[in-house]
Amino acid sequence: MNEAGMSEPLASRPYMPGYGIEPPAGGHGLLSWSWARDRIAAAHDYWLATVWPDGRPHVMPVWGVWHQESIWFSCSRGSRKARNLGADPRCSITTDTPREPVVVEGAARLVTDPEALATFLDLENAKYSTAYGLDLVDPTINTTFRVRPERVFGIAEDRFTSSPTRWVFPSS
């Protein structure tokens, strides 16, 4: 178990026919979970993919932080992404580095605990060198979400055929 009480994810090679992907030899060649976690934490921006009520995809950039083994972000309560997540919490979030992308799949959970919101705001202000006030996380104006990974995909461009890795988190 890690610091957030989550089991470490199980790593495997994703099925990618037609790309010349090498099978892992005895587990070797797979990227480590720390490799993915470091890139998630270091990302400046994230791309959030949600679904419109009619099923169309919706992708928007967001700022966020990696905290307690989850990606946290906030947005306006009336924004399309907040409304989409209110109707269907399933989402994907990607890092902003195309040469070493990490894609996180999970469900967005609304955060309303005042202490958790204050911690998130402190972390975001530190990461982005900003000085936002509590209004940024005021639940009457904005929404703050937390996405715990369920499945994650990562690949390193310089090891394209030997690095693709999928991590799956055991259900808790």
Side-chain angles (χ1 to χ4, degrees), residues 1-51 57-75 81 84-86 88-113 115-117 119-120 122-124 126-127 143-172:
M1 294 281 189
N2 59 28
E3 71 215 27
M6 293 177 62
S7 297
E8 288 294 312
L10 305 172
S12 64
R13 182 73 77 221
Y15 180 63
M16 297 174 63
Y19 287 92
I21 303 303
E22 302 168 12
H28 298 292
L30 296 174
L31 298 168
S32 68
W33 174 238
S34 63
W35 179 93
R37 193 177 53 233
D38 290 350
R39 279 148 186 82
I40 295 168
H44 185 275
D45 303 301
Y46 302 88
W47 289 96
L48 170 67
T50 63
V51 180
H58 180 261
V59 179
M60 292 299 287
V62 295
W63 278 5
V65 299
W66 178 253
H67 173 59
Q68 295 179 331
E69 298 296 313
S70 300
I71 298 174
W72 297 56
F73 64 93
S74 64
C75 56
K81 56 189 161 285
N84 287 350
L85 291 171
D88 184 347
R90 296 174 299 167
C91 62
S92 294
I93 302 174
T94 70
T95 57
D96 60 351
T97 308
R99 287 190 162 84
E100 293 183 326
V102 179
V103 179
V104 174
E105 295 178 358
R109 302 291 178 227
L110 189 62
V111 178
T112 58
D113 175 68
E115 191 173 311
L117 292 171
T119 298
F120 163 67
D122 290 344
L123 293 168
E124 188 171 70
K127 180 176 180 177
T143 53
T144 299
F145 293 98
R146 173 184 184 167
V147 178
R148 281 195 177 198
E150 295 171 8
R151 285 169 303 286
V152 178
F153 172 83
I155 190 167
E157 181 183 64
D158 64 345
R159 296 174 281 148
F160 182 82
T161 60
S162 64
S163 70
T165 304
R166 172 186 45 233
W167 297 270
V168 177
F169 286 81
S171 298
S172 42

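- Two residues are said to be in side-chain contact when any heavy atoms from C-beta on lie closer than 4.5 Å; P149 and W167 fail this criterion.
- T97 and T95 share no donor-acceptor pair across their side chains, judged by distance under 3.5 Å alone.
- Closest heavy-atom contact between P164 and M16: CB-SD, 3.7 Å.
- The CZ atom of R146 sits 9.5 Å away from the CD atom of E69 when rounded to the nearest 0.5 Å.
- The minimum heavy-atom distance between S74 and T144, with the atom names listed, is CB-OG1, 3.6 Å.
- D45 CG to M60 CE: the interatomic distance, rounded to the nearest 0.5 Å, is 12.0 Å.
- Atom-to-atom distance recorded for D38:CG and S32:OG is 7.5 Å, nearest 0.5 angstrom.
- Across all their heavy atoms, R148 and S70 have their closest contact at CG-OG, 2.8 Å.
- Between W72 and F120, the ring planes are parallel. Angles under 30° get that label, and only those over 60° would be called perpendicular.
- With rounding to the nearest 0.5 Å, the separation of CG in L10 from CG in L30 is 11.5 Å.
- Annotation: the span from R99 atom CZ to R39 atom CZ amounts to 14.0 Å, rounded to 0.5 Å.
- Nearest approach of P9 to P170, heavy atoms of both residues: CA-CD, 4.3 Å.
- For the pair C91 and V147, the minimum side-chain heavy-atom distance is below 4.5 Å.
- Between F145 and P89, the closest side-chain pair of non-hydrogen atoms is not below 4.5 Å.
- Atom OG of S162 sits about 6.5 Å away from atom CZ of R13, to the nearest 0.5 Å.
- E105 and S92 get closest at one heavy-atom pair: CG-OG, 3.7 Å.
- Residues V111 and L117 share a closest heavy-atom pair of O-CD2, 3.6 Å.
- V62 places none of its side-chain heavy atoms less than 4.5 Å from the side chain of C75.
- Between S12 and V168, the closest side-chain pair of non-hydrogen atoms is not below 4.5 Å.
- In this structure, the side chains of T143 and L110 come closer than 4.5 Å at one or more pairs of heavy atoms.
- Ring to ring, W66 and Y46 are not that close: their centroids are 6.0 angstrom or more apart.
- Under the 3.5 Å distance criterion, the side-chain polar atoms of T50 are left unmatched by any main-chain donor or acceptor of N84.
- Taking 4.5 Å as the limit, some side-chain heavy atom of F160 sits within range of a side-chain heavy atom of I155.
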